[in-house]
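Numbering of ligands and ligand atoms starts at 1, following listing order.
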Amino acid sequence: MENEVFKVTGGSRLSGQVHVPGAKNSALKLMTASLLAAGTTQLENVPDIADVEIMAELLTRLGAQVNRDISNSTLEIKIPENIGHRADYDLVRRMRASINVLGPILARCHEVDVALPGGDEIGSRGVDMHIAGLTKMGAEFNSDHGYLIARAPKGLHGARIWLDIPSVGATENILTAAVLAKGETVIENAAREPEIVDLCLMLNKMGAQISGIGTNTISIIGVTKLTATTHEVVGDRIVAGTWAVAAAITQGEVTVTGVNPTHLHIPLEKLMSAGAQIEIANDSFTVRMTQRPNPVEIVTLPYPGFPTDLQPQFIVLNSIANGAAMVTENLFEARFRFTQELARLGADLQIDGHHCLVKGRLQLSAAPVEATDVRAGAALVLAGLIADGVTVVSGVSHIDRGYANFVSNLTSLGATIERTRESI
Ligand code: EPU
């Protein structure tokens, strides 16, 4: 059997400039929000990643016509008056963000069948808060043969919803249902990630009445109809943060463009504590590092806390730091699974529940490793940049899900990396 792998030769210092595309975790949600209005939605700054393809397929099965122009990063989505209401298992299992069709379809059709996503590599990831919120708005839920079935024969109405934790997905599904519900919905303890702000901004352009955007209390006054619009996807803070760590661990100097640096406030502060110099501009920043990193303590939390999606990359940074640091993961219980792979590169890691004690080593040592999710995959490639020898990373389809042109971007910064096929 053949398998695609990345072969990374360690030892290069990264330098130059890299542009980040629109955020995966915004683009996918904006695509589902297009279902809320018949007509043509035009998205700009859409990343060239595998997940966008999967979402396009899902929308097509629901009756949309999706045209992608990779040369100028745009996506045109034509939504008919009547859309389908079923999201099949074969797509949902490939991409958990498919669950985000729940809110828009329920709002438009008053019925929806979505395959239950099940567990994945980073943990069980429930949907109980999605269900509780939409139930308060008048939906009735059942599960049948692996599908979550929701019906709202009398339509949805506004409600006051308090989330136990500020879940990104639950906030989004409630938002996208509430924009077409009767009356006012208030989401308390809402998530406030930049990607949620982006979604709210697009919905308001479509005619929604959302206020409290970017705060933890979002209020939505339902309207009867939305109109398709044009929207530019917010820059990907996680991809930007990944390049920032790559620059720091290779003692390089990299300018990252296409992202709002305030969306990375805490990770950039952490890199400064690690010894990097950071220059901030409006929609770019530069990371310069001239020393072995100092260890940095990390605690993942919902935004504006430290993002879980940058936790693996910072474990890599700590693995070559001049001391020990504790990394605490509060969002996804299985996100330390990749540390077993990182340990194969010689990293000194001790896991105790949701804590990982990382003791810095002078250098990592190349070995074959396997990516188990998108961020773990990116982190293992970063580890390969600072290992002696050639690290072979398999499971690259995980990396393709979230990082556009990963190899060519790294190559242009001076890394030695190739994508190739290998027998396994
Ligand atoms: N949770 C529940 N019940 C729910 C909803 C969530 O228990 O009803 C739990 C989850 O199991 C998890 C925690 O709450 O432990 C946080 O989940 P959240 O709903 O906030 O995350 P998500 O919507 O499933 C999105 C991103 C993730 C990112 C998280 C946190 C997308 C497609 N995914 O997931 O991104 O890590 O928010 O910021 O937007 C990635 O891009 O690599 C990725 C995993």
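Considering both main-chain and side-chain atoms, G169 comes within under 3.5 Å of ligand 1 through a nitrogen or oxygen pair.
Contact analysis puts K29 in contact with ligand 1, with a non-hydrogen atom separation below 4.0 angstrom. Not close to ligand 1: L28, with no non-hydrogen atom less than 4.0 angstrom away.
Contacts between E333 and ligand 1, counted as non-hydrogen atom pairs separated by less than 4.0 Å, are absent for every part of the residue. Counting heavy atoms under 4.0 Å from ligand 1, residue R335 touches it through the side chain alone. Only the side chain of V374 comes within 4.0 Å of ligand 1, counting heavy atoms alone; its backbone N, CA, C and O stay farther away. Residue M129 touches ligand 1 through backbone and side chain together, judged by heavy-atom distances below 4.0 Å. Proximity of V168 to ligand 1, defined as any heavy-atom pair under 4.0 Å, is shared by backbone and side chain alike.
When the heavy-atom distances from atom 2 (C) of ligand 1 to D128, V239, D236, N25 are ranked, the shortest goes to D128.
For the 3.5 Å distance criterion, the side chains of T32 and N100 fail to qualify, holding no donor opposite an acceptor. For the residue pair E329 / T308, a side-chain donor-acceptor distance below 3.5 Å is found, with atom types taken as modelled. Under 3.5 Å, the side chains of H19 and T257 contain a donor-acceptor pair of N or O atoms.
A pairwise comparison of heavy atoms in A367 and R344 identifies CB-O, 3.6 Å as the closest pair.
By the 6.0 Å contact criterion, NE2 on H110 is enclosed, its count of non-hydrogen atoms from other residues, nucleotides or ligands being greater than 12.
Salt-bridge formation is not detected for the pair R93/D88: no Lys NZ or Arg NE/NH1/NH2 atom is positioned less than 4.0 Å from an Asp or Glu carboxylate oxygen.
Counting only heavy atoms from C-beta outward, the side chains of V186 and T217 approach each other to under 4.5 Å.
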